[in-house]
Amino acid sequence: MKWLAALVAMTGVADADPLALRADAFASTAAPAGLLTLSADADAGHGLSAEAVVWTGQTTSTAGDRAAGDVLVVALHARTRDGRATATVGRFVVSLGALRPVQIDGARGRVRLPYAIDVEAYAGIPVLPDLTTSRTWDWVTGGRVARRVGDWGSLGVAYMQQRSDGELATEEVGVDAGAALGKHADLAGKLAYDVANPGLAEATLGASDRIGSLRGEAYATYISASHILPATSLFSVLGDVPAVRVGTTWTWRAAPRLDVAADLAIRRSDGDAIDGPTVTSPGETGEVIAPAVVLRGTLRLDDRGASALGGELRRDGAGDSGWTGARATARLALPYALALSTELELAVPDRDRGLGRVWPWALAALSRSWGPWHAAVAIEAQSSPEDHSRLDGLVQLGRTWGVP
């Protein structure tokens with residue numbers, strides 16, 4: 001999936017026509033697998049628009065099983081002329097306030113009421129990856145009520161419940177708030193509580209301010225396993241675990257095209273959530289406390305940022321699962337509508353457990369656009385705790401149609 005994201009990010013985007021159609025074909029050595037995606041986006045005017053993303057493909061596993069395609073998004077959107085009410089029906093991803101995102105087949109609506117009150121709700125059937133799986137008595141519903149406070153703040157309360165075969169699977173209550181403090185400063189926070197499995201699911205509190213070319217933010221976060229998003233790189237595989245994190249982030253516009261950022265934090269993790277020791281001091285067990293440091297720089301090679309170079313140093317993990325990493329990225333716009341994108345990650349674990357002293361991950365992709373056509377090819381190589389060595393390739397060919 002990270003290959004797909006890398007290639008799609010490199011390819012061109014169709015002009016904003018009233019009706020835009022796009023088809024992409026992918027072939028991968030990583031199964032092997034084939035994939036065809038069809039997408040459409042249209043604006044019918046009078047407050048009505050529609051979008052669709054459909055993919056179909058075939059993957060052959062070592063056991064000989066074959067997987068068919070599915071529909072990612074098929075949605076019809078409607079809104080009033082004044083924008084005070086909106087509605088969506090179809091298949092889409094929905095998230096309200098602090099609640100976890102859910103992909104559903106169903107409907108969503110939002111309305112702005114007097115006294116600066118916003119009400120939104122959704123209901124439908126959770127989407128499952130296996131089309132043959134029965135979804136009888138599977139449903140999910142959620143809602144949020146928010147109150148706007150002038151032009152500087154808001155407060156919202158949300159609730160969602162999901163059932164599988166009629167049995168309670170997920171139930172959450174969320175609260176979110178935000179406020180602008182002056183011209184450049186703001187304060188925001190959100191909290192989600194898991195009612196089905198009593199406990200905190202996610203909590204975030206942050207405050208930021210800008211002084212000239214320097215912007216700083218102080219934050220505190222907690223995230224449970226149920227709210228962690230899927231991994232997209234080696235760094236996210238190693239770094240994303242249920243944890244409490246307190247820190248500060250600073251971003252400096254060092255030059256018109258150069259941004260430098262630093263994230264300095266302390267992370268506390270449950271010892272059961274990582275592969276490391278659970279003893280932090282004599283007589284104390286169950287927690288691992290360690291620093292988490294990220295230093296990052298981005299240099300744009302042109303005014304639009306079409307070409308850019310990036311670098312990152314990272315220290316993360318705790319106990320015997322601690323690691324140090326470096327990342328380098330390059331995105332280059334070349335003549336003849338070509339674009340080159342490369343990324344290299346190196347992670348060095350503190351303790352060698354027989355899986356290698358250095359874990360590299362590299363991706364290189366080349367794309368070209370000519371008229372309505374676009375094509376790209378990518379090669380990924382990696383060595384990780386799961387794979388001693390692995391080399392995969394992906395090819396994409398697509399076309400876009402615009403109908404005035």
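The structure presented is a predicted model; accordingly, all values stated were derived computationally and were not measured.
With sequence neighbours excluded, the residues forming a salt bridge (charged side-chain N to carboxylate O under 4.0 Å, His left out) with Arg296 are Glu312, listed by chain and number. Arg368 pairs by the salt bridge (charged side-chain N to carboxylate O under 4.0 Å, His left out) definition with nothing, not counting sequence neighbours. Residues passing the salt bridge (charged side-chain N to carboxylate O under 4.0 Å, His left out) test with Asp302, sequence neighbours excluded: none.
Summarising the geometry of Ser224 relative to Leu200, their closest heavy-atom pair is CB-O, 4.1 Å, with the distance given to 0.1 Å. When all heavy atoms are compared, the tightest approach of Ala326 to Leu313 is CB-CD2, 3.8 Å.
With a 4.5 Å cut-off on side-chain heavy atoms, Asp263 and Arg245 count as touching. Under the 4.5 Å side-chain criterion, counting only non-hydrogen atoms from C-beta, Pro126 is in contact with Gln162. By the 4.5 Å heavy-atom criterion applied to side chains, Arg148 and Arg112 are counted as neighbours.
For the atom pair Met160 CE and Glu172 CD, the distance stands at 6.0 Å (nearest 0.5 Å).
A side-chain donor-acceptor contact under 3.5 Å links Ser208 and Asp186. Under the 3.5 Å distance criterion, with hydrogens and angles disregarded, a donor-acceptor pair is assigned to the side chains of Glu380 and Trp361. Thr324 and Arg315 form a side-chain donor-acceptor contact under 3.5 Å, judged by distance and modelled atom types alone.
Remark: the backbone N or O of Glu217 is paired with a side-chain donor or acceptor of Thr248 at under 3.5 angstrom. Thr141 contributes a side-chain N or O that, together with a main-chain N or O of Tyr122, makes up a donor-acceptor pair within less than 3.5 Å. Distance alone, capped at 3.5 Å, is enough to place a donor-acceptor pair between the Arg331 side chain and the Ala306 backbone. In this structure, Ser95 contributes its side chain and Leu99 its backbone to a donor-acceptor pair below 3.5 Å. Here the side chain of Asp138 pairs a donor or acceptor atom with the backbone of Asp165 at under 3.5 angstrom.
Look at Asp209 and Arg215 and you find no salt bridge, because none of the NZ, NE, NH1 or NH2 atoms lies under 4.0 Å from a carboxylate O. A salt bridge links Arg267 with Asp316: the distance from a Lys NZ or Arg NE/NH1/NH2 to an Asp or Glu carboxylate oxygen falls below 4.0 Å.
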